[in-house]
Amino acid sequence: MTRTTLGDPLFATEQATELTARSMGQLISGTLGALTVPGALTTAESAAVLRAVAQLPAQTYNPERVEGEITRFGPALNDYRRPDGVDLTAYWQQADLARARWTALELTTDPMVALLDRIGQAWGAPVAPATISGRPVWGMTIREINRGSLVHYDEAVREIPGVLDQDIVGQLAVNAFAVTPSRGGETRLWRKRWQPSDQRFAQGYGYLDVVVFSRQQLTITPQAGQLNLFCPSWYHQVQPVLAGRRVSLSCFLGYTLDGQLVCWS
């Protein structure tokens, strides 16, 4: 494996030949910045993702909250946040609908199941869906991000506190790519986590670029079939695609107090 870094030697990108519990633990603990693993999706699984994209109705994020269009299949809990919590009635309706539509595809190979199985094998225990009042949430989404995103962070303990049954003490972002652009579409990751004074730079669901000014940065270039993992508590951003498409299977992994991994979108 190879590791590249500038600045803090623990904020690095590691290119590994296989996923391991040790590398996931390093990401969770903050002693590694990002991890890339090739071949996480087979050619057949990537093709299944693209067939699903062509057949399933896609949902776009609220245009008032994003910079550019992000198309997605499968509900994300953050989209149902309200000032007083999460609108679970609307969320469960969409989660049930997504399950029915996904099942109706009758895929010979289910890439979502295959990817989570591989992550669980590396961790040493199966990855289970997170639950709300004992009910499993929708675990993984398909996302096509071609016009980039705002600088933002993702942190369940701040964004949806108390919603999940599990006590999440660490969080990872998972992206496995079915197809990637020939130019653009990189993920940028900054060595900075949210602090209260950052709110003066808030814009929609994210922040103005100045929030990460002069901070150490990693750039992760997506490759077809590749798995990218990082802690989303670090500020991060997807760069616009300049040629081609950027389609991924994506979810969050939560590390719980009892050492288990759970997933949600």
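This chain uses plain numbering: 1 for the first residue, then up along the sequence.
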Kindly work out whether a path of hydrophobic side-chain contacts (I/L/V/M/F/W/Y, heavy atoms less than 4.5 Å apart) joins L227 to F177. no

Could you state whether L32 and V37 fall into the same hydrophobic cluster, counting links through intermediate Ile, Leu, Val, Met, Phe, Trp or Tyr residues with side-chain heavy atoms under 4.5 angstrom apart?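 Same hydrophobic cluster.
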
More than 12 heavy atoms from other groups under 6.0 Å of CD on Q195: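 More than 12 within 6.0 Å, yes.
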
Donor-acceptor check, side chain of [X] to backbone of [Y], threshold 3.5 angstrom: yes or no?
X    : Y    : value
Q171 : A156 : yes
S29  : G25  : yes
R246 : G185 : yes
Q237 : S149 : yes

Suppose the criterion is salt bridge (charged side-chain N to carboxylate O under 4.0 Å, His left out): which pairs have a residue in residues 153-167, not counting sequence neighbours?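 Sorted result for residues 153-167: E155-R158.
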
Any side-chain heavy atom of Q217 sitting closer than 4.5 Å to one from V212?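 A side-chain contact is absent here, since even the closest heavy-atom pair is not under 4.5 Å.
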
Report yes if some heavy atom in the side chain of Y91 is under 4.5 Å from a heavy atom in the side chain of V163; otherwise report no. no

Can a side-chain donor-acceptor contact be found between N78 and Y205 if the only test is distance below 3.5 angstrom? no

Go through the steps for Q199 and W194 under the test side-chain hydrogen bond (donor to acceptor under 3.5 Å, both in side chains), then give the verdict. CA-CA 9 Å; Q199 286 307 110; W194 179 86; 2.7 Å; yes

W190 side, atom CH2; D209 side, atom CG - distance, nearest 0.5 Å: 6.5 Å

